[in-house]
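The next block holds one structure in the form of structure tokens; read it before the comments.
Counting starts at 1 for both ligands and their atoms, following the listed order. Computed from heavy atoms alone, side chains included, the values below leave out hydrogens, waters and symmetry copies.
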Amino acid sequence: MDSTYVIGLRKDVRFTENMLMTNYGAFDASPFLKLSARMHESLLAADKTEDELAAYVLEDDDIQGLQIFHKYWQIMSRSALLTYTLVSADTKLATISPVGMGFSFGPKSKLDQGAKQLSRFALQRTCKGATLIECPKGWSQIDILDVRLAGVIFYLQAPHTVEALAEKCGLSHQVVEAFLTMLQEAQALTGPGEGGAGQEDQDPGLAHWEVHDLYFHTRCQLGRHNNGWATTYRFTDTFPPLPQVKEAMSRESVPLPKVERPASESFFHVHETRKTRRDFASEALTLNQLGTFLYHTVRVKEKYDDDKGGVTFRPAQGGGALHSIEVYPLVNRCEGLQSGFYHYNPLKHELERLSSLTTSCKQMLMLGRKMMLDQSEPQVELIFASRFRRIQWKYESLAYSVILKDVGCLYQTMAMVAEAMGLAGVALGGGHMDLFARISELDCYREGSVGAYMIGSRAPGTD
Ligand SMILES: Cc1cc2nc3c(=O)[nH]c(=O)nc-3n(C[C@H](O)[C@H](O)[C@H](O)COP(=O)(O)O)c2cc1C
């Protein structure tokens, strides 16, 4: 035989005296743990086939031991804990590891007939010194251990048969077939479609997905990865947490007026009449209105300190009460306030002036105007920027999704307050990360734009 599979354990599997533990659960494995030491060593080293491991058990523990081995082997296989490494001529070529319960690979897995190409969703990246291929459609990842397989990946940009790949890459038919079977299990292969696209795009369910969206979707939910998830505080020992509120960004500040309890219709009236309003009046909103609006949407109501960066409570809800989103008013026209670019200090309820309306600021306002269907001249664009690390320091896998959900909470809070105050407002779903970085002079990986809300005085007759 030209190639075979040696078996190992998923990276997160570890044993205590009696238990088999993973990131996602544990079970009592004491009968299995008492079996042949040679079998355990080889399983941890991932250097023997299933038959070779079973032979150790038969020699060391007799037929009763073999029965225990088979029972636990089935459990570990069904629980997606076993990895399979393709070996040829004593060289390890690639390892497939399960990352979700949909994994069903085994030494007897078969490759479907016909030419294959790589799925457009398949991603190759490096992780801790390994080159791996993964696909958000699947439940496994493949570590590429031999450069010759990189050639196979390259040629799979277009449909190829096993024979053609074997010839082009100088590999045996059997090795190529085994590797493609791994890629098939990872859902990283598709059949030929039209115009170079894969067959997968004939499925409307898949055709609509962009690669980054599907990858993001599968990595911030559970099911298709075994990365740390939710509250893991993984940076506790390496970086300090960010505080609840930023240091002042400017020495020039403008205290904001506010009305604590502005007159308003009843909640349900406001709730019913709320709508997106893109028609602004020719007279701009006032500083008093802007201050009142920010006070009732973004200010800090309560602040608590702890050794994890603390929390604040504000008018809008926010994941973990972390509130990573800073608000930067880009003021084109506001009665009583000099036009320019500001940062809102939610603790002091004041504006920190950062710059005049530079050319880049005007470009940003132009973009905002286009995003609100070019219907009115912008008055104040409230740009939301996340101090990403506030969320990333605590949460793993779903940090960015929490940030975007926080943006949604802010949109809705702003829409309701704008409605109650008789203002006009539009959520702006797009943005320009580099333009914002230029205007704010912030490092886009530390703090970057994630949304915006345009606010203005309501045009008469548009109620
Ligand atoms: C996430 C999100 C992004 C939006 N982006 C924009 C936008 O970029 N431009 C715009 O004019 N309206 C935008 N809107 C407003 C929607 O078009 C509006 O909510 C929708 O048409 C429903 O109308 P309604 O708000 O009056 O109920 C956005 C709304 C949301 C919730």
### Query
Looking at Arg446, Arg390, Arg387, which hits salt bridge (charged side-chain N to carboxylate O under 4.0 Å, His left out) with Glu326?
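Answer after filtering Arg446, Arg390, Arg387: Arg387.
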Side chains of residues 354-371: which donor-acceptor pairs under 3.5 Å do they make with residues two or more places apart or in other chains?
residue : atom : partner : partner atom : Å
Thr358  : OG1  : Cys361  : N            : 3.2
Ser360  : OG   : Arg438  : NH1          : 3.4
Arg369  : NE   : Asp374  : OD1          : 2.7

### Query
Looking at residues at least two apart in the chain, or sitting in another chain, which of them share a side-chain hydrogen bond (donor to acceptor under 3.5 Å, both in side chains) with Asn345?
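Here the qualifying residues are Glu352.
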Starting from the N and O atoms of ligand 1, find every protein N or O within less than 3.5 Å and list the pair with its distance.
residue  : atom   : partner : partner atom : Å
ligand 1 : 5 (N)  : Ala427  : O            : 3.2
ligand 1 : 5 (N)  : Gly429  : N            : 3.0
ligand 1 : 8 (O)  : Gly429  : N            : 3.0
ligand 1 : 9 (N)  : Met371  : O            : 2.7
ligand 1 : 11 (O) : Arg278  : NE           : 2.7
ligand 1 : 11 (O) : Arg278  : NH2          : 3.2
ligand 1 : 11 (O) : Met371  : O            : 3.3
ligand 1 : 12 (N) : Arg278  : NH2          : 3.2
ligand 1 : 12 (N) : Ala427  : O            : 3.4
ligand 1 : 14 (N) : Ala427  : O            : 3.4
ligand 1 : 17 (O) : Arg278  : NH2          : 3.2
ligand 1 : 19 (O) : Thr276  : OG1          : 3.2
ligand 1 : 25 (O) : Arg274  : NH1          : 2.9
ligand 1 : 25 (O) : Thr276  : N            : 3.3
ligand 1 : 25 (O) : Thr276  : OG1          : 2.5
ligand 1 : 26 (O) : Thr276  : N            : 2.8
ligand 1 : 27 (O) : Arg274  : NH2          : 2.9

### Task
Not counting sequence neighbours, list each pair that qualifies as a side chain to side chain donor-acceptor pair (under 3.5 Å) and has a residue in residues 420-430.
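Listed once each, the pairs would be none.
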### Residue pair Pro262 / His296, side-chain heavy-atom distance below 4.5 Å
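Yes - at least one pair of side-chain heavy atoms lies under 4.5 Å apart.
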### Task
Please find out if less than 6.0 Å separates the ring center of Tyr445 from that of Phe388.
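Centroid distance Tyr445-Phe388: not below 6.0 Å, so no.
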